[in-house]
Structures are given as C-alpha cells and as structure tokens.
Amino acid sequence: MSGMKPITLLWLRHDLRLDDNPALAAAAARGPVVPVFIWAPEEESPWEPGAASRWWLHHSLEKLAAAFAKAGAPLVIRRGPSLDALRALAKETGATHVAWNRRYEPAVIKRDTAIKKALVSDGLEAESFNGSLLYEPMHVATKEGRPYQVFTPFWRSLLSRDEPAAPVAAPHKLTGPAKALKSLAIDPLGLLPTIAWDSTMKKTWSPGEAGATKRLEKFLADGLTGYGRERDRPDHDGTSALSPHLHFGEVSPRRLWHAVRAAAGGKPVAKLTGGAEAFLREIGWREFASHLLFHFPHTSDAPLRSDYARFPWARDPVGLRAWQRGRTGFPIVDAGMRQLWATGWMHNRVRMIVASFLVKDLRVSWLEGAKWFWDTLVDADLAANTLGWQWAAGCGADAAPYFRIFNPTSQAEKFDPDGAYVKRWANADAADYPEPIVDHAEARKLALAALKTLT
DNA sequence: CTGTCATTTCT
DNA sequence: GAAATGACA
C-alpha cells in the first residue's frame, strides 16, 4: 500500500482543544488522525480528579467530541489502563504514530514515561509536545542551574527570554480513520454527580473550547484594562475566570499571551503596564507553580520547607467541617466556602483568606484544605493548588512569612467594602448563622506560638 | 488622658 | 498582614 499516509493516534489529556494544539498539528500534518480520550483516573492516584473536575470534564468532552466530529475525525473514548487502550487502538487502526501534549504532574510523568517506552518497544513512534506551558520546566533555571524558588526572579527570567512561539490555528479539516471505531459514550464514564448538586455550576460555566474563547474575548474587551485594580475585588467581576479552561487545556497559555500582547498594542511584554502586565504576571504564577511541582515532585503531599513537617497541626474535624460547609461564623470565610460549594470556584483573594483561616486560625493542616479544594474546584490543578496552599501555610516557595495572619474582618472591610460579596453568598443575618467558632485575636496568638516551635 | 498616625515587631 | 508600641497633638 505505498503512498498511504501514516496514521497517528492523538492522545488527548489536558489539551481539550483544536486551537494551538501542537500534537494535533503534528499529527494532522502527517496524515489521518485518530483522536482518543482515555478515562483512567486511578493512574493519577493519589490525586485522582475530584467531583467538580469530573463534572467539568464530562461537559468539555461533549464539546470536544462535537468539534472533532465536525472537523472530520471523530473522537474515540476508551477506558484505561491507558497503555492497553493505546495498544488496542493502534492495532485496530494500523496507526504507526502516537502523539500527545505533555503533562507535568509527578504521577502522570511516571506513567507517560513508561507508556512511551512500551509503545516504542512495540515499534510505534511516540512523540510528545509542549501544549500547556509557556516554557518547559527543564529549561528554566537560576545562574547556578537550580530551579527558581522565588517568583520575582523567576518572572524576570521568563521576561528576558524569547517570546513563547505564536499559537497555531486549529486545522479546518481532518482526515479520520478509514472505518468507524468503537467508542464509549461519555455518560457511562460516570463523571456526572449522582445527586443533582450541579445546577448553579451549569448556570455559571460553559466548559469547552468555544466557552473558553468566548470568556477570553469578553475579558480582553471588558476586563483587561482594569484588571490590575479589579482583580482583588471579590464583589466585582474583575477576574478572567479562565482558570478551569486553562486547566483542561481548552485554551493555551500561548494563545492568551499573544492575545493579551495584541490587545495591549503589541508592546514587548517587558514594557507592558497596567492590566495587561498584571494578567500576564498571573499566567506567570501558573507557570511558576507547574515548574515548582516538576522540580519538587514530593510537594503535592509534603511541605517544600521540610522544617514544617513537624508543625503541630491541630486535629479538629469539627472545625474542618465548619470551614468546609461555610459555617465558621466569619462572614467572608463562609461566603467564600459557599461560593466554592455552589459554583466550583472561589475568587482568588477569598481563597487566600479562607486558606489563612484554616491553617492559622484553626491550625488545620494545609493538606486538608488542599484536598477539599481538589474535590470542589472546577479549576483544581495539582501544581496551582499545591503552591497556593503551601504559600498560605508559609511552608512553600515564596511563602507568606510566618507572621502574616489574615484578619478575616479587616480583609473583608478592605476587599469587600460594601459587603456585597458576603451578602451574595452568606446571609450573616440569618437566624441560624453561627457564632464565630474561634476568637481571632486568641487564634492568632496560638498560631504564632505554634510557629515558634519550629525554631 | 485620648485619639491618630507612623513605626516596629512578631518564629 | 496586622497587632503592639511609640510619638505627638
């Protein structure tokens, strides 16, 4: 059969898009493409996707399947083990190549490395691409060759580099396999909740590439200019709300980078100011988190600063439960936790406040907070979650100093001055609204005393 | 003394 | 980041 073009399995993971998808572009340039999504959560243990993530994934896969069908290469859905599914599919299609975009979480790297080796030993070509970061973690290091552990020098280093490559447009037309392939439907994967807790989520979000593009365009038009000032106001709509779209790769960071630069008049990134600079800096934090988890793979489960391993965390299941359900008696904390519960998302300023409350006022381990966020956030991302919680607990990279203990009342006065955010998510005047579960001034003293034990 | 504002201190 | 302390009207 000379003249036949090689078939590529496109293994989709956290790159649920057609736009700026380097593995897809490489596969499509070569010949027919067989896009496949494999559901194998146990391979990501102990950080298997949480309930909110699975909800998002279900809807994102529906959109992705429709988009690939329209482009001419229907999406195949299989269950893991991933290697078995890829091998079976290669056999069914006669594929000679397998392509994917890299992920950087420790368990996934381990799995992917083993899979690559096995596929190559089968005689297949296996190739991976960078589709989810601006720069590869192995390419960014200090002068001494070590990973950055402080954000500002990390960010300066990124700014001094060649710009990330321009994004590649989605292919208009794809060639699929010659014959139809067996595929699971999305429902049997069991990603949706069995009890209907997702009604507010449905109203809040549009998972999928089209939803991501719409969100980005709206942000560029209405949000970017004022972002620097508005991003800290949970009572306003000042953030991009792109985090879940970015997590699932429904939009690429390169696309964002170049879109923001263009919207800001095409100036070099190092010369940007105001909202554009502030927003790209946040994309830089996302990048920083991924690089840190890559270089310090134990930190999803243990503090980066090892002295914190002996911090005397409290065992307080009652307090933890009150925090989770938004019943601490501190309105800004409860509003945040209830926004999270209802929408699968929380404003970043409020994430810092509720995190400080859990680890400093209740002295419950940051890992308990990380686990709760992992299950409830639609943007749950192992790198960002790890960085965020260790930052709040003071045990991570570029961490908050031990003495930075947020006062929930003064934080609320500062960032929710009219009380609109609190009013929206927690009715503190309700008859059953709880009394504060701790005395903040007392809790602060106890936290400082506990921190003293580390020296 | 009492309130305000700036500075220091907190492991 | 904010409580405690100091300077001063």
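Residue numbers begin at 1 in each chain, while the letters A, B, ... track the order of the sequences. On a predicted model such as this, the values are computed, not experimentally measured, just so you know.
Residues passing the ring pair (Phe, Tyr, Trp, His ring centres under 6.0 Å) test with Tyr227(A), sequence neighbours excluded: Phe219(A), Phe279(A).
Residue Gln411(A) has its side chain nearest to dA2(C) when only dA2(C), dA3(C), dC10(B) are considered. Closest to the side chain of Lys445(A), from the set dG1(C), dA4(C), dA3(C), is dA4(C).
Using a cutoff of 4.0 Å between basic side-chain nitrogens and carboxylate oxygens, Arg103(A) and Glu44(A) are scored as salt-bridged. For Glu163(A) and Arg261(A), the salt-bridge test passes: some basic side-chain N is under 4.0 Å from an acidic carboxylate O. The pair Asp112(A)-Arg13(A) meets the salt-bridge criterion, since a charged nitrogen lies less than 4.0 angstrom from a carboxylate oxygen.
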Tabulate protein N/O versus nucleotide N/O from nucleotides 5-8 of chain B, keeping only pairs under 3.5 Å, one per line.
none

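When Trp197(A), Phe373(A), Trp372(A) are each tested for a ring pair (Phe, Tyr, Trp, His ring centres under 6.0 Å) with Trp341(A), only one passes: Trp372(A).
When the C1' atom of dG1(C) is taken as reference, atom NZ of Lys414(A) falls 7 Å away, rounded to whole Å.
Within the nucleic acid shown, Tyr402(A) comes within 4.0 Å of at least one base atom, counting heavy atoms only. At the heavy-atom level, Ser410(A) lies under 4.0 Å from the strands shown only through sugar-phosphate atoms. Using a 4.0 Å heavy-atom criterion, one finds that Leu454(A) contacts no nucleic acid atom at all.
Using cut-offs of 30° and 60° on the angle between ring planes, the pair His298(A) and Phe296(A) is perpendicular.
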